[in-house]
Amino acid sequence: MMMKNTMKSLCKVNPGTVIEGKWHQNRYRIIKEIGFGANGVVYLAQTGTKDVALKMSDNSMSVTSEVNVLKAFAKVQGSTLGPSLVDVDDWEHRGGKVSFYVMEYIKGPDFLTFIQQKGKTWVTVLVLQLLNDLAVLHDKGWVFGDLKPENLIVMGPPPRIRCIDVGGTTLQGRAIKEFTEFYDRGYWGLGSRKAEPSYDLFAVAMIIINTEYPKRFNKNSGGISELKGYIKQSKLLLEFEDIIMSALQGKYQSAREMRLAIIDKMSTPSKPSVGSRQKSTSGTVRSNHTSKKRKVHSSHYRISGWIETILIVSIISFLYMIYIFGQVY
Amino acid sequence: MNPGTLKQILLITDGCSNQGDDPVAMAALAKEQGISVNVIGVMEQDVIDENGMREIEEISMAGGGISQVVYAQALSQTVQMVTKKAMTQTLQGVVNKELQQILGGTKTVEDLPPEKRGEVMEVVDELGETVQLEVLILVDTSASMKHKLPTVKEALLDLSLSLNARSGDNRFSVFVFPGKKKDVEKLLDWTPQLESLTSIFPKLTTGGITPTGPAIREALSHFKKKRSLRSLLSRDDEEYYEESM
């Protein structure tokens, strides 16, 4: 068996072709090709008057694998990251059999194109949306794996980030199924390829870096110092340096933690922030100690609250001790 | 279900063999012994000639494995992908055979309705994560490979990174051909880590002939050696022999 051109020829169909499923007899009219990858070809198709995306592959197991993930996504309530699944079937033609699945058609520019059109202001918004979705996905025991700008589509309006390729989505604790080198921490020598939330967060950090280097860059020596060099050269990246560096080094345990750090940064008026309206509340007296910033945020109620609590606790324990002494003697 | 240990030979070359046994026959021999042979052809600016291309395809077909011809820059991505795909392919074969025993006849996963395939795929995924894997890597060190060797080293380190993220055990062994004195030379005996390649690889000398066939033959006997050694330790070691899929 070879991974050569056999797939291309079996999965190449002309616009206008009608695909009829062997098992469910649903019919789909092919409009045009919209994507092509290692595991198959994706077409825009119509069923009735509805637009759908139809992915074909001669490898029925890779179709099955992706369908499994989409089904798992459907169970993740509140997450709209991936496309919803419409149908799975086989199509018999030209004496061969092609497996396909049909999903919601997610229409819009990809992440980098959107940023190019609408401006860098949107980077933070989209990253916050993405982190929110990742948090839900991680909670359910999955890791997205192959996060990259090409796989991120911005629907709208209102702009909403969505993901179109779930081929890399892996159960936590297993080896990442699919990845792209530039966004892979293993490639940069900064971690394993085990599926854990911090793997996705590394990719998110690389996507942020990617917005300032749309053509990406090649690895020389790898390691954190090389990536730091690229951050230092960009004003936008420098502003988020501590957050990007923490994500690259796997210091965030969860997507929520990284999300809070970004929100926190946006509400700190010390530097001119990119695009966000600055809140002039409690942020002014915050220390520059970056690693503690998140904690400062979560313990919003200041030191006076702590003193109060400690005082109450010690008084109660004192009274209790007196009571105990009274019981004993 | 226990598929035992998966055995693979990974051949990295940039052209046609020109000495000794027919590599296609040797690959077929490997397949008979339950060892699949995957081949990666490395191009740089130069294109591999038609004979080389054909041989690469024929070896992998006879060896029940996968072949891919790539530019040197894409080697890391390809090496780990081909190895993983070949694993999945073999495991699908195992699962298919199991299914045939249950369902009878020549039914395979593909004959099941799509809804049922999902569960089978989960089994394959699970096996791919936990199965023990042995990969014997054969690196062509003929003269034209000289400037590609640093890339090959990177790709092999990357492979061990990918596979060691699994929970199953891995064992790697590396041979080069031609060797300094012999047609084939052992560079690294069975080991779970490939890091030591970093120090060995730069010292490699290249040149001379391309004895691909003898290299595969040597690789086969190396699998055997390990097996007999292990039987001495009387570990129960289930072998999986892949029959024609």
Side-chain angles (χ1 to χ4, degrees), chain A residues 1-5 21-24 38-39 58-72 85 87-91 97-102 143 145 169-171 173-182 184-196 199 218-219 222, chain B residues 36 38-39 53 56-58 60-61 63-69 73-74 76-78 80-82 84-86 88-89 91-93 95-96 108-122 124-126 128-130 154 157-168 170 245:
Chain A
M1 259 181 258
M2 286 170 297
M3 321 192 304
K4 292 220 46 206
N5 297 324
K22 174 187 166 187
W23 303 88
H24 306 140
N39 291 324
D58 66 336
N59 181 349
S60 85
M61 290 320 264
S62 92
V63 164
T64 307
S65 183
E66 288 176 28
V67 166
N68 272 354
V69 172
L70 288 177
K71 280 184 179 160
L85 181 69
D87 192 10
V88 199
D89 217 322
D90 297 328
W91 179 48
K97 194 175 76 177
V98 178
S99 293
F100 68 88
Y101 65 93
V102 182
V143 161
T169 307
T170 311
L171 275 176
R174 292 193 175 175
I176 292 286
K177 268 194 219 154
E178 263 172 47
F179 57 86
T180 304
E181 283 178 344
F182 185 80
D184 163 50
R185 65 181 185 189
Y187 171 75
W188 291 101
L190 290 169
S192 77
R193 293 204 175 117
K194 237 188 205 333
E196 38 195 32
Y199 185 91
N218 286 321
K219 181 179 72 171
Chain B
S36 56
N38 303 307
V39 193
M53 285 279 238
I56 285 168
E57 279 176 20
E58 282 177 358
S60 71
M61 270 206 294
I66 291 170
S67 73
Q68 183 90 321
V69 175
Q73 306 91 277
S76 290
Q77 274 276 28
T78 310
Q80 60 88 19
M81 197 181 73
V82 161
K84 282 200 280 191
K85 280 210 170 178
T88 313
Q89 186 175 298
L91 290 169
Q92 276 170 24
V95 172
N96 263 339
T108 66
V109 190
E110 257 114 279
D111 297 312
L112 293 172
E115 292 76 25
K116 293 267 156 69
R117 284 176 210 160
E119 293 158 43
V120 179
M121 195 61 214
E122 272 166 32
V124 173
D125 272 352
E126 170 83 36
E129 175 68 23
T130 53
E154 285 296 314
L157 293 180
D158 189 85
L159 176 70
S160 99
L161 187 72
S162 270
L163 293 178
N164 284 329
R166 304 183 316 127
S167 37
N170 302 296
M245 278 166 38

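Atom set for the values below is all heavy atoms of this structure, side chains included, hydrogens, waters and symmetry mates excluded.
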Enquirer: Does any N or O in the side chain of B/E115 come within less than 3.5 Å of the main-chain N or O of A/V88, such that one atom is a donor and the other an acceptor?
Expert: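 Not confirmed, B/E115 side chain does not pair with A/V88 backbone.
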Enquirer: Which pair of heavy atoms, one from A/D89 and one from B/P114, lies closest together, and at what distance?
Expert: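 Nearest pair, atom of A/D89 first, then B/P114: CA-CG, 4.0 Å.
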Enquirer: Take B/L161 and A/R185 through the side chain to side chain contact (heavy atoms under 4.5 Å, CB included) test and state the conclusion after the steps.
Expert: CA-CA 11 Å; B/L161 187 72; A/R185 65 181 185 189; over 6 Å; no
Enquirer: Hey, does A/F179 have a side-chain heavy atom less than 4.5 Å from the side chain of B/Q77?
Expert: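 Yes; the side chains approach each other to less than 4.5 Å.
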Enquirer: Using non-hydrogen atoms and a 4.5 Å limit, figure out which bit of B/T88 sits close to chain A: side chain, backbone, both or neither.
Expert: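 Contact with chain A involves no heavy atom of B/T88 at all.
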Enquirer: Should A/R174 and B/D125 be marked as a side chain to side chain contact (heavy atoms under 4.5 Å, CB included) after you check the CA-CA gap, both sets of side-chain angles, and the distance that decides it?
Expert: CA-CA 10 Å; A/R174 292 193 175 175; B/D125 272 352; 3.6 Å; yes
Enquirer: With only heavy atoms counted, which part of A/I176 is less than 4.5 Å from chain B, the side chain, the backbone, both or neither?
Expert: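 The backbone, not the side chain.
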Enquirer: Counting only non-hydrogen atoms closer than 4.5 Å, does B/N38 touch chain A with its backbone (N, CA, C, O), its side chain (CB onward), both, or neither?
Expert: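 Neither part; nothing is under 4.5 Å.
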Enquirer: Quick one: does B/E154's side chain get under 4.5 Å of A/K219's, heavy atoms only?
Expert: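 Side chain of B/E154 against side chain of A/K219, heavy atoms only: contact under 4.5 Å found.
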Enquirer: Could you check whether atom NZ of B/K116 has more than 12 heavy atoms from other residues, nucleotides or ligands sitting under 6.0 Å from it?
Expert: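 No, NZ of B/K116 has 12 or fewer neighbouring heavy atoms, counting only those of other groups under 6.0 Å.
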Enquirer: Non-hydrogen atoms of chain B under 4.5 Å away: do they reach the side chain of A/Y101, the backbone, both or neither?
Expert: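 Neither part, no heavy atoms under 4.5 Å.
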Enquirer: Is a side-chain N or O of B/Q92 found less than 3.5 angstrom from the main chain of A/M61, in a donor-acceptor match?
Expert: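 Between the backbone of A/M61 and the side chain of B/Q92 there is no qualifying donor-acceptor contact (under 3.5 Å).
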Enquirer: Could you tell me which portion of A/K22 (side chain, backbone, both or neither) has an atom closer than 4.5 angstrom to a non-hydrogen atom of chain B?
Expert: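 Neither the backbone nor the side chain of A/K22 comes within 4.5 Å of chain B.
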Enquirer: Would you say that B/D158 contacts A/R193 through its side chain, given a criterion of any heavy-atom pair below 4.5 Å between the two side chains?
Expert: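 Of all side-chain heavy-atom pairs linking A/R193 with B/D158, at least one is under 4.5 Å.
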Enquirer: Grab the two heavy atoms, one from A/K194 and one from B/S167, that are nearest each other, plus how far apart they are.
Expert: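 Scanning both residues, the minimum pair turns out to be NZ-N, 4.3 Å.
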Enquirer: Please look at A/T170 and chain B and tell me whether the side chain, the backbone, both or neither of the residue comes under 4.5 angstrom of a heavy atom of that chain.
Expert: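 Neither part.
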Enquirer: Using side-chain heavy atoms (C-beta onward) and a distance below 4.5 Å, is A/L171 in contact with B/E129?
Expert: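 Counting from C-beta outward, A/L171 and B/E129 never come under 4.5 Å.
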Enquirer: Non-hydrogen atoms of chain A under 4.5 Å away: do they reach the side chain of B/Q80, the backbone, both or neither?
Expert: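 It is the side chain, since no backbone atom gets that close.
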Enquirer: Top residue by heavy-atom pair count (under 4.5 Å) with chain B, among A/S192, A/S65, A/G189, A/S62?
Expert: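 Result: the option with the highest number of such pairs is A/S65.
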Enquirer: Quick check for you: among B/P113, B/A86, B/G128, B/S76, which has the greatest number of heavy-atom pairs under 4.5 Å with chain A?
Expert: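 Result: the option with the highest number of such pairs is B/P113.
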Enquirer: For a quick test of reading the model, state the closest non-hydrogen atom pair linking A/A175 to B/S162 and the distance between them.
Expert: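 Shortest heavy-atom separation between A/A175 and B/S162 comes out as CB-O, 4.2 Å.
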Enquirer: Pick one of side chain, backbone, both or neither for B/E122, based on which atoms fall under 4.5 Å of a heavy atom in chain A.
Expert: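 Interface part for B/E122: both.
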Enquirer: First locate atom NZ of B/K84, then atom CD of A/E178, and finally report the distance between them rounded to the nearest 0.5 Å.
Expert: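 It comes to 8.0 Å.
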